[in-house]
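What follows is a single structure, written as structure tokens, with notes after it.
In this chain, numbering begins with 1 at the start of the sequence shown.
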Amino acid sequence: MGESLSGVIERITFHNLDNGYCVLKVQAKGHREPVVVVGHLSSAIAGEFIEAKGEWITDRQHGQQFKAGELRTTPPHTTEGIAKYLGSGLVKGIGPKYAQKIVDVFGDKTLDVIDRSPAFLKQVKGLGPKRIELIRASWKQNQSVHKIMAFLQSFGIGTARAVRIYKTYGENAVEQVRSNPYRLSTDIWGVGFRTADELAQKLGIPLDSPRRAEAAVRYILQEASAKGHVGVPQEVVREQTAALTEIAGDIIQKAIDDLRLQDELVLEQMKPDLTPQPPHRNGEEEPNLLYLKPLHLAECGVARGMIALRSGVHPLPAVDVPKALAWVEQKMGIEFAEAQREAVRQAITQKVLVLTGGPGTGKTTIVRAILEIFRAKQQRVALCAPTGRAAKRLTESTGQEAKTIHRLLEFDAALGTFRRSRENPLDLDLLVVDETSMADLTLTNQLLRAVPAWACVVFVGDRDQLPSVGAGRVLADFIDSGTVAVVRLTEVHRQAGASSIVRAAHAVNRGEEPESAAPGQGDFFIIEADEPATVLERIVTMVKERIPAKFNLDPFRDVQVLSPMNKSELGVLNLNSVLQAALNPQQDRNQEVARFGVTFRRGDKVIQTQNNYQREVFNGDIGRITDVDAVNQSLSVDYDGRDVEYDFGDLDELQLAYCTSIHKAQGSEYPAVIIPVHTQHYVMLQRNLLYTGITRGRKLVVLVGSKKALWIAVNKADQARRYSLLSWRLRQADGPQEPHRQTDQ
């Protein structure tokens, strides 16, 4: 049985919400000083009374501890304990000050009053109707969440998502989860198939259950879309589902057929001329492509939108093209290269143009020229980009306001939809879309739905960068289809060519190792270091000391570390932890909160990790934490002058952003960029990843790592392909039109 120990929780030193492991400081009976208790609890709150069974151990690093095999908590029953309990941040609207005021009025009956008769709280001086309602609602939510946590914990499942589950399902959460645990993997962000499947097995759902097979098929397709695929060959889905679940093939096929009947999936014949790698085996039928219904609708929608745009009449009145070119060259004081002239020519004669090229090739100059001509003809123009940072850069480079695609389409958070659509199109004649390489299929579909038939569109982007984080390869498919006018700029112009960043980026893109500039004479440097610990140390020194001192740059606002991977010593997660400790160490415990394995502090640089239309913040948006409110259990983040509030339970949407992945940095540009390049990242070392990372830097780019890793990255072209039929759909509809030629410089 071991020893017993009981007392009041003074402080929670550590609590992992995923597995319940906690380290508690406890004022225990029979002990003058607080003791350390370690064990597992689904929830722990300062002020609660605990009963523990276990044994005393001596930890070499932390000293004497009570290791609990059994650990139970009950609400406090003393006025001191109740005041600490309520003042711990348990209930929104009650901090230490109000907790003491309430306990002074109701004594040891306080918890009963809040639970059963919250209206009596108006007897407490300073508590108004709004705060009382906040307290009542928060208390009710806590009771429901506690029930869910206890339910999940009883099956050995982590409880970090309990609040999100409650917000999704409400009071009936336990019943809904019990009736179909697999819905968690579809409905709750952050809960995958494996977690739901583990719970389902413990609830007694058979291994060959049709519900299990359907959930697994959905999961395989969702995971594929997260890797960029729009659809997946049906045989691949069957094989991967069988490997995941060990369910028989006939049951899996029936699950696919049933999901098609339920209109959740679409099956379409894949065309022989664009089967992605690996190719189908000889002698077998062409694989069938299986889609989640929304992605199939998006792919068809983009194809329809592009076809409709191409078929209309150009909005510009009759233009003498040579005269227009001469006029705009004179107005801008620039003599265009031939491919640049061709780009302007195509823009004023074709309804759709794709303008692609690397850094320093003059894409922005051409966009400005096109805008000049359209404005001179009194045409209405609009500019947009997928992210806020990209839109801001476009505004600065053109002198005309650019918006994010979401803002341009006027997303309505209350309705959860865009106001601009086919029925309410945008009021414009020309739309310029920058950073198109990072626009995924779904967002592109929404955009094209809102472009009026008479307008023309110029898609601008760098085909050689990483494709979008979301599903699809829109820019590449437009180019590969051969159905739209494409101008590829390749010549680096003289002024841009003076930048060693631009020279390094183009060298990498050609498969050549970039050259480091001489000290003090350039903007691109390679610092060699073979040991991960040395790489880490040099990155921290550069961010904290050397770059701010030498270049007068702010380490938070201006310097961005980009890593190819999330895990490993030089991955995003560890670099964030190390950089947070160096740049924003703990100063005020009341201005920090630990959730989902991350400690967030006031002043921290953070990144949004998923689209949240209600808050109008999107995957990749970076901000700074301005306030941590323990009383109201909320945290505020400043995104370029706009404050956005998060409940503590929603902090799994945020991550620290001292370091981000190169994928997350697409469309962004920073004054200074530091990239660790090490063989620890072997799986992700590839040319387009390094190229994308280098092109994120404006004034300074530093690679820190080994020569071997740099050689691997430069010499390994990206072999990954994305399953999509967009290029084929565009070709199928091209009909008798003359093929659009691709112009290279």
Got a second to check how far [X]'s [atom1] is from [Y]'s [atom2], nearest 0.5 Å?
X      : Y      : atom1 : atom2 : value
Leu428 : Leu383 : CG    : CG    : 10.5 Å
Ser563 : Ile662 : OG    : CD1   : 7.0 Å
Tyr670 : Asp558 : OH    : CG    : 12.0 Å
Leu409 : Gln446 : CG    : CD    : 7.0 Å
Thr436 : Leu475 : OG1   : CG    : 5.5 Å
Glu435 : Ser468 : CD    : OG    : 12.5 Å

Contact summary for [X] and [Y], nearest pair of heavy atoms:
X      : Y      : value
Arg696 : Ser668 : NH1-O, 2.8 Å
Arg368 : Thr398 : CG-CA, 4.1 Å
Leu295 : Tyr291 : C-CD2, 4.3 Å
Ile373 : Ala324 : CD1-O, 4.2 Å
Thr692 : Gln666 : CG2-CG, 4.2 Å
Lys377 : Pro317 : CD-CG, 4.2 Å

Side-chain ([X]) to main-chain ([Y]) donor-acceptor, under 3.5 angstrom:
X      : Y      : answer
Thr395 : Ala402 : yes
Thr609 : Glu653 : yes
Ser500 : Phe524 : yes
Lys403 : Cys384 : no
Gln350 : Val484 : no
Arg624 : Asp638 : no
Thr356 : Gly461 : yes
Gln608 : Ile622 : no
Arg731 : Thr483 : no
Gln560 : Ala657 : yes

Indicate yes or no: does [X] engage [Y] in a salt bridge with an N to O separation below 4.0 Å.
X      : Y      : value
Glu396 : Arg393 : no
Glu669 : Arg389 : no
Asp480 : Arg473 : yes
Arg407 : Glu401 : yes
Glu616 : Arg642 : no

(request) Determine, step by step, whether Asn612 and Phe618 satisfy the side chain to side chain contact (heavy atoms under 4.5 Å, CB included) criterion, reporting the C-alpha distance in whole Å, the side-chain angles of both residues, the deciding distance to 0.1 Å, and the verdict. (result) CA-CA 6 Å; Asn612 188 313; Phe618 304 100; over 6 Å; no
Heavy-atom side-chain proximity of [X] to [Y] below 4.5 angstrom:
X      : Y      : answer
Leu700 : Ile501 : no
Arg557 : Pro671 : no
Leu408 : Leu447 : yes
Ile366 : Val344 : yes
Val266 : Leu290 : no
Phe336 : Ile334 : yes
His506 : Val492 : yes

So [X] and [Y], would you call those rings parallel, tilted or perpendicular, with 30° and 60° as cut-offs?
X      : Y      : answer
Phe374 : His314 : tilted
Tyr639 : Tyr646 : tilted
Tyr723 : His229 : tilted

(message) Applying salt bridge (charged side-chain N to carboxylate O under 4.0 Å, His left out) to Arg380 and Asp429, what does each step give before you reach the verdict?
(response) CA-CA 5 Å; Arg380 297 158 301 173; Asp429 301 300; 3.0 Å; yes
(message) Can you tell me if Gln262 has over 12 outside heavy atoms packed within less than 6.0 Å of its CD?
(response)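 It does: Gln262 CD has more than 12 such atoms within range.
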(message) Please check if the number of heavy atoms outside Gln614 that lie under 6.0 Å from its CD is greater than 12.
(response)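 Yes, because the 6.0 Å sphere around CD of Gln614 holds more than 12 heavy atoms from other groups.
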Going by distance alone, is a donor N or O of one side chain under 3.5 Å from an acceptor N or O of the other, for [X] and [Y]?
X      : Y      : value
Thr361 : Glu491 : no
Asn611 : Asn619 : no
Asp523 : Ser499 : yes
Asn688 : Gln686 : yes

(message) Let's go through Val230 and Leu725 carefully: what are the C-alpha distance in whole Å and the side-chain angles of both, what is the deciding distance for side chain to side chain contact (heavy atoms under 4.5 Å, CB included) to 0.1 Å, and is it a yes or a no?
(response) CA-CA 8 Å; Val230 184; Leu725 291 180; over 6 Å; no
(request) Show your reasoning for whether side-chain hydrogen bond (donor to acceptor under 3.5 Å, both in side chains) applies to Gln400 and Arg375. (result) CA-CA 11 Å; Gln400 175 167 331; Arg375 281 195 294 249; 2.3 Å; yes
(message) Would Leu371 and Leu430 count as a side chain to side chain contact (heavy atoms under 4.5 Å, CB included) here? Give the steps.
(response) CA-CA 9 Å; Leu371 293 175; Leu430 167 69; 4.1 Å; yes
(request) Only one of Asn445, Leu297, Thr442 passes side-chain contact (heavy atoms from CB on, under 4.5 Å) with Val302; say which it is. (result)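 Exactly one candidate clears the test, Asn445.
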(message) Could you go through Val433 and Val457, starting from their C-alpha distance and side-chain angles, then the distance that decides it, and tell me whether this counts as side chain to side chain contact (heavy atoms under 4.5 Å, CB included)?
(response) CA-CA 7 Å; Val433 187; Val457 182; 4.1 Å; yes
